[in-house]
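What you are looking at is a predicted structure, and each value in this text was computed from that prediction instead of being measured.
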Amino acid sequence: MHPLFEDVQMSRIFEDGKTFVDCVPVTPPTFILQQYAAEKQKANFNLQQFVAKHFKLPAKAVTADHETKENIVAHIDALWNELTRQPDLQQNGSLLPLPNAYVVPGGRFREVYYWDSYFTMLGLKESGRIDLLESMVNNFTHLIRTIGFIPNGNRTYYLGRSQPPFYSFMLQLLAEVKGEAVLLQYKDALAKEYTFWMKGSEQLSATHRFEQHVVLMNDREVLNRYCDAYTTARPESFREDVELTHVATQATDALYAHLRAGAESGWDYSCRWFSNINDFSTIHTTEIIPVDLNCLLYNMEQLLAKVYNMSNDEVNVALYTTAAAKRKQAILKYCWNNALQLFTDYDTVTNSCTNVQSLATAAPLFVGIATQQQADAVAAALQQLFLKDGGLLTTLYETGQQWDAPNGWAPLQWMSIVGLENYGHHALATEIAKRWIKLNKDVFARTGKLMEKYNVEDTHLEAGGGEYTGQDGFGWTNGVLLALMKKYEAHSTE
């Protein structure tokens with residue numbers, strides 16, 4: 001890292017570390033660095049003024065005055081336009097240009113995000129914005145074909161990692177509106193995305209069990225983990241990462257690797273990734289086999305088998321059908337926590353299930369690999385332990401992290417509701433949906449905003465935790481809300 005970058009990020013010029021990495025230099029970067037080296041020695045040097053002179057600050061993704069209590073569906077329809085970005089031009093900043101229009105989440109999130117976008121697309125479909133849905137799929141396809149995978153977001157500082165792999169679900173959603181033949185256009189990209197997640201599998205052995213995103217399990221099965229390509233502090237959260245090293249006992253590069261992997265998980269952060277649920281510095285994400293990640297890859301294998309079947313490629317049909325069957329068996333073997341009667345993650349250090357109870361337990365129901373008995377047990381736990389006034393808790397633990405209690409998140413509500421419906425738990429699915437819809441509407445009536453996350457325990461309080469303040473906009477909340485209102489409300493126009 002250059003001294004200018006470190007000085008800016010550590011000095012708290014910006015409350016949010018993401019602000020500086022999203023700035024665009026207004027003069028050539030080499031000139032800026034030369035100027036900094038020359039000027040910072042002067043007695044009257046002011047770092048904030050220097051940055052203001054040489055960089056253009058980013059705008060928030062939502063800029064309009066929306067402190068109104070208008071019709072919530074009309075509000076979301078208007079927000080799609082405000083959250084839409086047109087094809088990008090190459091620039092000197094950190095943005096990776098995309099060839100088609102796309103929807104950003106909102107607030108500090110000024111770029112497209114991988115897993116957010118699937119849940120945003122659910123709403124675009126309900127709003128009839130198939131143009132945007134398709135252009136976003138094409139952007140992700142462009143990223144796969146040009147850089148080999150879908151990064152966390154279209155920023156250079158995200159190029160070390162991806163996010164929960166929802167590309168196969170995006171293609172299935174597009175096929176729902178355009179017909180299954182459209183899947184054939186994306187066969188090469190889907191296979192390349194799968195290759196990214198499975199890269200290094202052939203190098204695994206009893207003495208080399210971990211390689212990139214793949215892990216060799218006890219009985220030679222291969223399952224996946226989250227893993228960033230880099231082991232340095234995240235540029236967008238540089239100060240937070242550096243400060244955590246001051247209290248951590250693990251090696252700095254290992255800590256950074258686990259923090260980056262936790263960011264790739266989308267659950268940044270949750271006690272799912274901690275060896276001590278109350279101690280952030282014990283994060284060890286790369287040593288954990290996440291149940292939800294492996295369920296998403298199971299869906300990818302299933303869709304690959306289907307697409308190759310459509311093109312009469314029997315060899316690849318057999319390859320991916322077998323891969324899916326093996327993964328299903330391994331997930332049920334390693335991630336069913338019989339003591340808790342829930343699906344949990346698997347800890348490769350202790351060679352046992354973790355005991356962190358989280359909404360990731362619904363993922364095997366979402367993709368249809370749980371047995372009916374397991375699904376019934378998960379449904380009972382969701383009703384008895386996770387269900388609160390505003391919907392489902394993310395985990396059962398209050399740690400100060402944003403992906404723990406008392407917060408609820410739209411994508412996890414959706415996956416849980418769909419998973420319950422898949423196994424016949426219609427009444428519970430409906431109850432969760434109605435509580436979540438009511439919470440979203442109540443907060444909107446109070447504030448005129450749709451938020452990134454919600455407090456589902458005390459629905460009068462704003463959700464908190466994490467590295468930044470609450471954001472509004474908000475792509476995946478809008479998408480899930482529209483989709484749930486369409487399914488669970490007789491009249492979804494209020």
Side-chain angles (χ1 to χ4, degrees), residues 1-61 63 85-99 104 107-113 143 146-149 151-162 228-246 248 251-264 268 467-469:
M1 297 290 183
H2 191 275
L4 170 61
F5 174 82
E6 292 193 21
D7 292 346
V8 171
Q9 293 295 62
M10 297 303 291
S11 68
R12 296 179 185 263
I13 285 179
F14 301 112
E15 181 184 347
D16 185 344
K18 191 175 181 304
T19 303
F20 187 53
V21 290
D22 290 355
C23 287
V24 177
V26 295
T27 50
T30 51
F31 173 76
I32 295 174
L33 298 181
Q34 289 169 357
Q35 289 292 105
Y36 185 66
E39 293 182 23
K40 72 174 182 176
Q41 310 300 334
K42 297 177 181 178
N44 63 344
F45 177 71
N46 184 297
L47 181 58
Q48 190 163 3
Q49 290 175 2
F50 181 88
V51 170
K53 177 181 177 181
H54 291 285
F55 294 89
K56 179 184 176 184
L57 268 62
K60 282 190 71 173
T63 56
R85 299 293 173 268
Q86 297 307 316
D88 304 307
L89 299 174
Q90 188 67 50
Q91 55 161 309
N92 290 326
S94 60
L95 196 70
L96 296 171
L98 293 174
V104 302
R108 73 197 285 269
F109 302 108
R110 311 169 184 92
E111 49 285 308
V112 79
Y113 283 80
L143 289 167
T146 55
I147 66 174
F149 71 104
N152 186 148
N154 61 318
R155 293 280 181 184
T156 54
Y157 53 80
Y158 286 146
L159 283 173
R161 63 177 179 268
S162 186
D228 190 301
Y230 303 114
T231 58
T232 54
R234 293 169 297 150
E236 74 281 9
S237 299
F238 185 81
R239 178 178 53 79
E240 291 88 345
D241 287 3
V242 169
E243 288 178 351
L244 193 61
T245 67
H246 300 159
T252 296
D253 60 347
L255 178 68
Y256 289 155
H258 295 316
L259 287 168
R260 284 173 167 270
E264 184 175 62
D268 44 342
E467 298 174 336
Y468 53 87
T469 57

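Of the possible donor and acceptor atoms, one in the side chain of Asn154 sits under 3.5 Å from a partner among the backbone N and O of Leu96. Side-chain atoms of Arg260 come within 3.5 Å of backbone N or O of Ala233 as a donor-acceptor pair. With hydrogens and angles disregarded, a donor-acceptor distance shorter than 3.5 Å links the side chain of Glu264 to the backbone of Ser162. Using a distance-only test at 3.5 Å, with no hydrogens or angles considered, no donor-acceptor pair links the side chain of Glu111 to the main chain of Val104.
Here the straight-line distance linking atom CG of Asp22 with atom CG of Leu57 works out to 10.0 Å at 0.5 Å rounding. Rounding to the nearest 0.5 Å gives a distance of 8.5 Å between NE2 of His246 and OG1 of Thr252. Note that NZ of Lys40 is 15.0 Å distant from CG of Asn46, once rounded to the nearest 0.5 Å. The CG atom of Leu244 lies 5.5 Å from the CG atom of Leu259; values are rounded to the nearest 0.5 Å.
In this structure, Phe20 and Val51 have side chains that are in contact, with non-hydrogen atoms separated by less than 4.5 Å. By the 4.5 Å heavy-atom criterion applied to side chains, Thr19 and Pro58 are counted as neighbours. Under the 4.5 Å side-chain criterion, counting only non-hydrogen atoms from C-beta, Leu98 is not in contact with Pro87. Using a 4.5 Å heavy-atom cutoff, the side chains of Pro235 and Gln9 are not in contact. At least one side-chain heavy atom of Leu95 sits under 4.5 Å from a side-chain heavy atom of Arg155. For the pair Gln35/Phe50, a side-chain contact is recorded, criterion being any heavy-atom separation below 4.5 Å from C-beta on.
Centroid-to-centroid, the aromatic rings of Phe5 and Phe238 come within less than 6.0 Å.
A donor-acceptor contact closer than 3.5 angstrom is absent between the side chains of Asn152 and Tyr157. A donor and an acceptor atom, one from each side chain of Tyr113 and Tyr158, are located under 3.5 Å apart. For the 3.5 Å distance criterion, the side chains of Thr469 and Arg108 fail to qualify, holding no donor opposite an acceptor.
In plain terms, the two heavy atoms of Ala257 and Thr231 that are nearest each other are CB-CG2, 3.9 Å. Ile32 and Pro25 make their closest contact through CD1-CB, 3.6 Å (heavy atoms, listed as atom of the first residue, atom of the second, distance). Between Thr245 and Tyr256, the shortest heavy-atom contact is CG2-OH, 3.4 Å. The two residues Val21 and Ser94 come nearest to each other via the heavy atoms O-OG, 2.7 Å.
Here the options are Arg234, Lys18, Arg239, the test is salt bridge (Lys or Arg N to Asp or Glu O under 4.0 Å), and the partner is Glu467; only Arg234 passes.
More than 12 heavy atoms of other shown residues, nucleotides or ligands fall within 6.0 angstrom of atom OH in Tyr468. Within a 6.0 Å sphere centred on NZ of Lys53, other residues, nucleotides and ligands contribute 12 heavy atoms or fewer.
One finds a salt bridge joining Arg12 and Glu243 here, because a Lys/Arg side-chain nitrogen approaches an Asp/Glu carboxylate oxygen to under 4.0 Å.
Partners of Ala37 by side chain to side chain contact (heavy atoms under 4.5 Å, CB included), not counting sequence neighbours: none found. A search for side chain to side chain contact (heavy atoms under 4.5 Å, CB included) contacts involving Pro28 returns Thr30, Phe31, not counting sequence neighbours.
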